[in-house]
Every structure is written in structure tokens, then in C-alpha cells.
Amino acid sequence: MTLITEVRLREILDSRGNPTVEAEVRTESGGFGRAAAPSGASTGEYEAVELPAEEAIANARERAVPRIEGQVYAGDQRTVDRTLHGADGTDDFSGIGANVAVAVSMAAAKAGADMLGAPLYQHLGGAFRGDGFPTPLGNVVGGGEHAADATDIQEFLAAPVGAPSVTDAVFANAAVHEAVADLLAERDIPAAKGDEGAWAPSITDEEAFAIVSAAIESVEDEVGFEIRMGLDVAASELFDGEQYVYADTTRTPDEQIEHIAGLASDYDLAYIEDPLDEDDYEGFAELTDRVSDETLVCGDDLFVTNTERLAAGIEAGAANSILVKPNQIGTLSDAFDAIELARENGYDAVVSHRSGETEDTTIAHLAVATDAPFIKTGAVGGERTAKLNELIRIEANA
Ligand SMILES: C=C(OP(=O)(O)O)C(=O)O
Ligand SMILES: [Mg+2]
């Protein structure tokens, strides 16, 4: 291990055109790592705090960088991340900003890998990581907070669970995305794209189910392997404190459970993220009991990559998987702790991008390193394909 000699921070553009934090870490022996923070739109209430990029950078330059440069070893990720927590001094990164913390944490990990001459997934996962690859969940139709006047459900996802390789899965998702465009055109439905590159037509959820099912079926026929469907309901954004408010109806929490359980069985859903409000552990537990073992019920806003919230969920039997977004918790060490706790308790850990992204590919390596069953990182669009193409490269070199 060699000492970190320099941490450089700057503002760069994210995919929404907003400023975000980029970090560069250099080491005594010439190791180098660069990483950038993503940013959510449908953020969970209990996420670590993102500060304006300029403010986060100023805070970190004053409080974190002097504690790292010349004092912390690259490759010693736990110490890097402990130092970020120490410099921050709060329990939600509101002191320096979770965005600057995650950028430095990921850049330090990349510098550590560079020093070893190893790919990042190998550095993070170790020599004895499993040899599985994550199935990419491709967001093909979406709305919610990611697009105006579109579906109530935030994400309709293609899940190519039968794909023989990551490469086949990535191309299958792109084909489903294209098939959706063809079906929309046939029906004269205009559609722009939402924040993650999914089509965002002004249609009901019901119409979206019909179109996505048809698109999946046509691509299944072409590729000859199974593609299932998944959802991110992002239900906290629909919940008004008493009811789930959809464009054309409202549902009580019990009706919402009934509705989602019905969708799971009607559409053989492989994956359902945030079907209920982020505080409804009991509802999550009930729904998890109702759906088949073949469906992952995943907590995103529910758990926010936080071990305390995950422990409460495990206790309640809420969900059977956790979404892992490093910027929700602020460091890679914290993200790994959440993954480990999930694993120990039979929960799957699914790695995810944010709606606001950069070309950073850390999550592709994180998903491979931790043997994640799924990775959520879009289907098309430059900041999305950056991760998908990295998965293809990892697979080719593994
Ligand atoms: C990726 C998501 O969106 P955001 O980044 O806006 O939270 C999500 O909700 O899973
Ligand atoms: Mg989500």
C-alpha cells in the first residue's frame, strides 16, 4: 500500500446538466483513481445528505482532504472511509456532503486497484469472489419523478433472466427498449425520454404493462431466452400520508398491497422495488409473504443502503432484497456493510445507478465484485451505456 498524496476535487456535469462532484486520488507510487457522484430525483427521506457540489467541495477541501493527503493509504478502504466520517462529524454526511464523500471513497478504491494493477471488481471482491454476473435490469418505460405526464409507476424494467451472458442481456434490454418505441409509433403515441433514458409516454400504467409485455415477448422470440418484467413503483412518491394517489384512482395501503400482489402474479414480475411507502415495514412484510419465491421485493427508499434500516426490515420480514446505491450512504465501506448484512440474512443485494448519473462505472465493478443478482443501470443513453459497456468489458476479461 502507498500513501495517498493528493485528492483533487472539481465540479463536473451530470446527465441532467447539474453540477456534481468529481474526485481524483493520486498515490505516492503513481496510483490514480477518478470517480464522480451521482444524484437522485426520487430520493428517500432517510438518505445521506447531498449538498450543492460547490459547497461540498469547499467543505471537503477544508475538513477532509487535509486528513487524507499524506496520512491515509490507498487500498486501505476502511481507513479512507472512516476518515471521511471523522471529517464529516455527523451521522448523515450533512457536514461535508455525501456527494463529495462518495466521490472520494470511490476514487480512492480505484487508486487502490490501480496500484495493484488489478481491475476494480477484483480489488473490491478479492481473488475468491464468485464467478457470477449480474443481470441488468433495463428501464424501458418510466414516469413518476423521472418524467412529467407519464406513467405513475416510475420504472418498467426488462429483466433478461435467461440470458446466457451479460452481453446478451445488455443487447436484449436495448432491443426491448427499441421494440417499445416501435409499438408506441404503431399506436401513434409520442414519447420523449425520462431521466434514465426510458420512454416516457403519456399513457396509463395499464397501457404500459400491455406495451412492455408485448415488447418483451417479441424480443424473447428473437433471442430465444427468458425475459421477465420488473418494476420500481417508487411508492413513497405516490403516498400522501394516507393513500396512494394515482392519476386516475387512489388506493389505501391494503388496496395497494392487493394491487401489487395482483400485478406480480398477472405479469410474473421478477422484481418489485419500493411497492409501498418508505415507512411501511409491515406492509412490505405482508407483500413479501404474498408474492412467490421467484419475485424479489426490493427496498430502495425503504432501506437507503443503511444497515440500521435494513436490520429493522430483517426483523420485520420486510422485503427480501436491498437496493445498494453508494451515494445514499456516502462510502463504499458503508455500502459493503449493507451488502454483508443482507447476505447474512438471506436478502439479495441489487446494485443501482441514480437518475442523475455521469460516465463513472464504479457500480458495474461493485455489482460484479459482490455477486449481485441484478444491476439497475438503465438500457440506453451515454451515462447508462458507460456502465453496461463496462460490464461487457469485465465479462470479456474475466
Ligand atoms: C434510480 C432511482 O431513482 P433516483 O436516483 O431518482 O432515486 C430509483 O428510485 O431507484
Ligand atoms: Mg427506486
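Whatever order the structure lists ligands and atoms in, that order sets their numbers, starting from 1. Both backbone and side-chain heavy atoms feed into the values below; hydrogens, waters and symmetry mates do not.
A salt bridge (charged side-chain N to carboxylate O under 4.0 Å, His left out) with K376 is found for exactly one of E273, E357, E196, namely E273. Exactly one residue among R354, R16, H146 makes a side chain to side chain donor-acceptor pair (under 3.5 Å) with D195. That residue is R16.
For E55, the CD atom sits in a packed shell: over 12 heavy atoms of surrounding residues, nucleotides or ligands are nearer than 6.0 Å.
Here H259 and Y244 keep their ring centres 6.0 angstrom or further from each other.
Under the 3.5 Å distance criterion, the side-chain polar atoms of Q71 are matched with a main-chain donor or acceptor of P66.
With respect to D371 and R129, no salt bridge is recorded, no charged nitrogen being found less than 4.0 Å from a carboxylate O.
With sequence neighbours excluded, the residues that form a side-chain contact (heavy atoms from CB on, under 4.5 Å) with D268 are E226, R228. Annotation: ring pair (Phe, Tyr, Trp, His ring centres under 6.0 Å) contacts of H177 (sequence neighbours excluded): W199.
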Could you tell me, for ligand 1, which of its N or O atoms are under 3.5 Å from any protein N or O, listing the pairs and their distances rounded to 0.1 Å?
unit_1   : atom_1 : unit_2 : atom_2 : d
ligand 1 : 3 (O)  : H146   : NE2    : 3.1
ligand 1 : 5 (O)  : R354   : NE     : 2.8
ligand 1 : 5 (O)  : S355   : N      : 2.7
ligand 1 : 5 (O)  : S355   : OG     : 3.3
ligand 1 : 6 (O)  : A41    : N      : 2.6
ligand 1 : 6 (O)  : S42    : N      : 2.9
ligand 1 : 6 (O)  : S42    : OG     : 3.4
ligand 1 : 6 (O)  : H146   : NE2    : 2.8
ligand 1 : 6 (O)  : S355   : OG     : 2.6
ligand 1 : 7 (O)  : S42    : O      : 3.2
ligand 1 : 7 (O)  : S42    : OG     : 3.2
ligand 1 : 7 (O)  : K325   : NZ     : 3.4
ligand 1 : 7 (O)  : R354   : NH2    : 2.7
ligand 1 : 9 (O)  : S42    : OG     : 3.2
ligand 1 : 9 (O)  : Q154   : NE2    : 3.0
ligand 1 : 9 (O)  : D232   : OD2    : 3.1
ligand 1 : 9 (O)  : D300   : OD2    : 3.2
ligand 1 : 10 (O) : D232   : OD2    : 3.0
ligand 1 : 10 (O) : E273   : OE2    : 2.9
ligand 1 : 10 (O) : D300   : OD2    : 3.0
ligand 1 : 10 (O) : K325   : NZ     : 3.1
ligand 1 : 10 (O) : K376   : NZ     : 2.8

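The Mg ion (ligand 2) has D232 OD2, E273 OE2, D300 OD2 as its protein N, O or S neighbours under 2.8 Å.
Under the 6.0 Å distance and 45° angle rule, R251 counts as a cation-pi partner of Y246.
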